[in-house]
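Everything on this sheet refers to the single structure shown next.
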2 protein chains.
Amino acid sequence: MEQREDQTEIATNAFNRDLNRLKDMHPSDIAENLEDRSLPDIRQVLRELPDEKVAEILTELPQDIQTDLLENMRLERVSDIIPEMYSDDAADALGGVSAERLQEIMDQLPDEDVEEITTLLEYEADTAGGIMRTEVNAVLTTLALSEAREAIRKDEDQDQDNAIYIYAVDENERLQGVLKLRDLLFRDLRLKVADVMITEVRSVSVNADQEEIANIFQKYNYLALPVVDDFGKLVGLVTSDDVIDVIQEEATEDMQRMVGLSGEEMVTTPWSRSVKNRLPWLMVNLGTAFLAAWVISMFEKTISAYTVLAFFLPIIGGMGGNAGAQTLTIVVRSLALGEIEDKEWKRVLVKEIIIGSVAGLAIGIAVGAISWLWQGSWLIGVVVFMAMLLNMVAAALAGVLVPVGLRAVKVDPALASSIMVTTVTDVVGFFLFLSLASLALKFVAL
Amino acid sequence: MEQREDQTEIATNAFNRDLNRLKDMHPSDIAENLEDRSLPDIRQVLRELPDEKVAEILTELPQDIQTDLLENMRLERVSDIIPEMYSDDAADALGGVSAERLQEIMDQLPDEDVEEITTLLEYEADTAGGIMRTEVNAVLTTLALSEAREAIRKDEDQDQDNAIYIYAVDENERLQGVLKLRDLLFRDLRLKVADVMITEVRSVSVNADQEEIANIFQKYNYLALPVVDDFGKLVGLVTSDDVIDVIQEEATEDMQRMVGLSGEEMVTTPWSRSVKNRLPWLMVNLGTAFLAAWVISMFEKTISAYTVLAFFLPIIGGMGGNAGAQTLTIVVRSLALGEIEDKEWKRVLVKEIIIGSVAGLAIGIAVGAISWLWQGSWLIGVVVFMAMLLNMVAAALAGVLVPVGLRAVKVDPALASSIMVTTVTDVVGFFLFLSLASLALKFVAL
């Protein structure tokens with residue numbers, strides 16, 4: 001018994017040391033430290049920390065851990081923590097819990113929080129409504145600056161710590177203008193808000209796509225943008241730190257989707273989930289690979305007579321695939337950044353065809369010359385040259401038309417686009433090369 | 001003559017209408033509108049706009065147009081415009097002009113601007129020093145809040161419009177703490193800065209890498225971070241709008257470099273420059289493609305006896321290439337986001353090998369069964385199955401080891417990594433498949 005008590009004591013001491021170390025850390029660092037631990041361990045730590053800190057840590061944990069914690073924590077604790085979170089973070093965290101549990105939690109929360117969170121949960125995750133917070137400094141246009149100042153000082157719910165702008169609204173909460181905190185510091189406080197505010201204030205619709213919002217922030221260098229509903233009512237605020245997360249997410253998504261990944265896979269995703277995510281597109285890719293194999297099989301006789309032709313298949317296919325990937329990457333990225341407007345894709349197509357032709361000539365001549373030297377047949381050289389040149393042009397066409405076409409049918413231009421482009425360059429490349437070779441063989445022996 | 005005068009008048013009227021339309025636009029929109037025009041046209045428009053507006057437009061124009069304009073504008077105009085720009089934007093714009101012209105411009109500028117710009121030009125473009133602005137609100141810790149307030153009101157050079165924080169420094173300009181604008185509004189103005197400031201203020205070194213800074217902003221949701229030199233002296237400010245640009249740039253760079261692009265190519269890059277950028281890696285790719293071709297050529301006899309083997313080459317190579325691209329994308333992106341720390345790559349490697357084995361089994365069984373049915377030979381099925389499985393594992397290995405290896409030798413993990421991984425999957429895949437087939441053929445006829 002004594003020994004067991006010792007062990008308990010040692011464990012308790014270790015836990016306390018760990019806890020003291022964690023307590024001094026930034027909530028984001030605590031979250032990073034906790035995310036690799038088991039759920040019971042995480043809960044044990046969080047039990048010892050104050051509500052406000054737990055709220056901040058929860059915000060920074062991965063979605064699945066947030067959900068687990070909210071499902072398993074004591075209900076009273078949850079109802080203490082949620083009001084400490086920004087409304088958008090609370091909505092994100094609650095988005096994953098079961099409908100039943102959500103109801104239980106909502107029943108415990110103050111009406112005001114319930115209303116805000118319910119509204120936020122209704123917006124699509126990738127719109128302004130999905131990323132905005134509802135805490136926003138707003139004052140009536142009719143107030144004097146001195147009154148506006150008092151209003152802001154009093155309103156505890158407002159996000160004062162990081163306030164950059166104060167928005168001016170009319171009696172129906174419709175956005176009318178913007179003040180700077182500096183105006184309250186340096187202007188005559190007897191002036192009215194309406195006299196001092198800038199009336200040309202840019203806002204985004206609550207339904208605006210997050211990628212579009214990111215492009216606006218990037219173009220105009222904003223730190224925050226107000227969000228309005230269909231009636232012009234001020235409903236929230238998107239800040240540049242939200243936008244940073246959006247941009248990272250969107251870039252990750254595009255990179256992943258191009259090669260047939262889910263867009264959300266991380267190094268920490270369990271391997272079983274990764275397999276489940278990756279297999280579908282690999283299976284599609286298998287289908288397209290058999291298509292390429294079938295094209296080759298149509299030329300069985302030719303290859304059987306001239307086995308050397310088989311050596312050149314990976315050169316024609318591989319080079320076309322890489323040139324296509326270069327064009328595709330430029331186009332997918334430019335589409336995401338809003339750099340290609342509606343009809344500009346035609347100009348991009350022309351440019352890429354020119355690049356494909358010029359690079360195709362250069363690569364074609366190199367590959368043709370090497371092939372001629374290697375196999376000692378000028379005809380092989382000519383056939384490889386022509387197939388290479390034409391396949392590079394096909395790669396340019398596919399690299400532009402695949403993503404532009406996907407967008408035209410309202411699908412993410414990145415989606416499995418790399419797989420599709422490679423299919424085109426393989427199929428077209430093999431067909432061109434082998435049919436040119438067959439044709440040439442009718443006239444001259446290799 | 002009369003007709004010509006009419007034409008001149010029509011042209012003048014059109015120009016004035018165009019100008020009036022532009023005048024009402026946001027500088028970023030004016031820049032977007034101008035960037036497709038000829039240099040003389042752009043200069044004609046800018047001549048009609050006030051210095052301050054031109055400064056803002058210039059900032060938003062592509063680097064090459066900035067350089068052209070600064071080289072060709074009247075020197076007096078340049079010396080009026082530069083002081084209107086943020087120091088970081090001015091340094092960026094001047095970074096491209098010839099040494100001679102730079103000297104001429106600097107000779108015209110106030111000493112203060114020269115000093116700031118010269119300092120900024122010395123920092124590497126992709127460090128905190130390269131992206132920060134030198135305009136930063138700073139007050140002495142010994143001031144009373146009322147004095148701090150007056151100091152900020154008076155200092156016209158400071159970036160007051162978008163000020164979020166006010167930094168507190170000692171007499172040697174070393175960073176000591178941070179105040180919020182809100183403290184000046186609501187706290188007792190007789191208090192000292194030192195009494196009110198938060199002393200735990202995070203800063204970054206002027207030499208810190210911009211990607212690292214972006215990860216800090218993302219993790220901690222900052223809107224701005226002070227930059228200090230090696231002595232702790234406050235030298236600048238990085239704001240989240242700078243970071244948004246960095247993040248977009250870095251993501252574009254990674255996506256492009258993976259497929260052998262320069263990292264800076266845009267849809268608007270002239271085709272001749274694109275060809276020059278893309279050809280080198282395409283030529284390297286040609287070398288690796290010949291390597292794959294040479295591997296196939298080693299099995300000339302086997303293929304000559306069994307032509308059907310050639311059909312399966314694009315399946316083995318293509319599937320391996322795609323699986324490798326999936327792993328590579330996850331790893332390159334996670335490295336960029338700082339998600340894989342020093343020794344964690346081993347865990348990632350193990351996970352990817354498991355995924356490669358499991359997905360390889362699934363794909364291998366599918367591809368083996370189809371091959372058996374297609375060619376009516378169970379032996380072909382078995383050989384294809386084994387080669388596929390093993391190549392998927394090789395793809396996992398290459399997808400992790402190529403970027404991790406590049407980073408270990410201090411090269412960008414994205415650099416041409418896709419080309420390298422495809423080389424491995426082609427070479428290994430073809431070798432495995434053809435040698436397994438040769439071996440099998442020694443015992444059984446296909």
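Every chain is numbered from 1 and lettered A, B, ... according to where its sequence line falls, protein lines coming before strand lines. Keep in mind that the numbers below use all heavy atoms, side chains included, and drop hydrogens, waters and symmetry copies.
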Please look at [X] and chain A and tell me whether the side chain, the backbone, both or neither of the residue comes under 4.5 angstrom of a heavy atom of that chain.
| X | value |
| --- | --- |
| N277(B) | neither |
| E32(B) | side chain |
| I355(B) | both |
| V367(B) | both |

Open item on the list: Here's one to test your reading of the geometry: is the NZ or CZ of R202(B) within 45 degrees of the ring axis of Y222(B) and under 6.0 Å from its centre?
Closed with: no
Review item, side-chain donor-acceptor pairs of residues 316-338 of chain A, under 3.5 Å, at least two apart:
residue, atom, partner, partner atom, Å
Q326(A), NE2, V259(B), O, 3.1
Q326(A), NE2, G260(B), O, 3.2
T327(A), OG1, A323(A), O, 3.4
T327(A), OG1, E352(A), OE1, 2.9
T329(A), OG1, A325(A), O, 2.7
R333(A), NE, T252(B), OG1, 2.8
R333(A), NH2, Q248(B), O, 3.1
R333(A), NH2, Q248(B), OE1, 2.9
R333(A), NH2, T252(B), OG1, 3.3
S334(A), OG, I330(A), O, 2.7

Once you round to the nearest 0.5 Å, how far does [atom1] of [X] lie from [atom2] of [Y]?
| X | Y | atom1 | atom2 | answer |
| --- | --- | --- | --- | --- |
| K276(B) | E265(B) | NZ | CD | 12.0 Å |
| Q375(A) | Y306(A) | CD | OH | 13.0 Å |
| F217(A) | L223(A) | CZ | CG | 8.0 Å |

So which of [options] has the largest heavy-atom pair count under 4.5 angstrom toward chain A?
| options | value |
| --- | --- |
| D254(B), T422(B), I419(B), D183(B) | I419(B) |
| D245(B), L282(B), V348(B) | L282(B) |
| A31(B), A214(B), A224(B), S274(B) | S274(B) |
| S304(B), G356(B), A366(B) | S304(B) |
| V358(B), L286(B), I340(B) | L286(B) |
| H26(B), E250(B), Q256(B) | H26(B) |

What residue, out of [options], has the most heavy-atom pairs lying under 4.5 Å from chain B?
| options | value |
| --- | --- |
| V243(A), L279(A), V295(A), I247(A) | I247(A) |
| F290(A), W281(A), F299(A) | F290(A) |
| S297(A), A251(A), S371(A), A310(A) | S297(A) |
| V275(A), I363(A), L313(A) | I363(A) |
| E339(A), R278(A), M283(A), E300(A) | R278(A) |

With distance as the sole criterion, is a donor-acceptor pair present between the side chains of [X] and [Y] under 3.5 Å?
| X | Y | value |
| --- | --- | --- |
| D426(B) | T423(B) | no |
| D241(B) | Y220(A) | no |
| N285(B) | T288(B) | yes |

Name the region of [X], side chain, backbone, both or neither, that has any atom closer than 4.5 Å to a heavy atom of chain B.
| X | answer |
| --- | --- |
| M392(A) | side chain |
| I354(A) | side chain |
| F430(A) | side chain |
| T269(A) | both |
| M388(A) | neither |
| L184(A) | both |

Any sub-3.5 Å donor-acceptor pair from [X]'s side-chain atoms to [Y]'s backbone N or O?
| X | Y | answer |
| --- | --- | --- |
| D242(A) | T239(A) | yes |
| K351(A) | V267(B) | yes |
| T307(B) | I303(A) | no |

Task: Contacts of type ring pair (Phe, Tyr, Trp, His ring centres under 6.0 Å), residue F311(B), not counting sequence neighbours - done: W374(B)
Open item on the list: Please find the pair of heavy atoms, one from R257(A) and one from S262(A), that lie closest to each other, and give the distance.
Closed with: NE-O, 3.9 Å
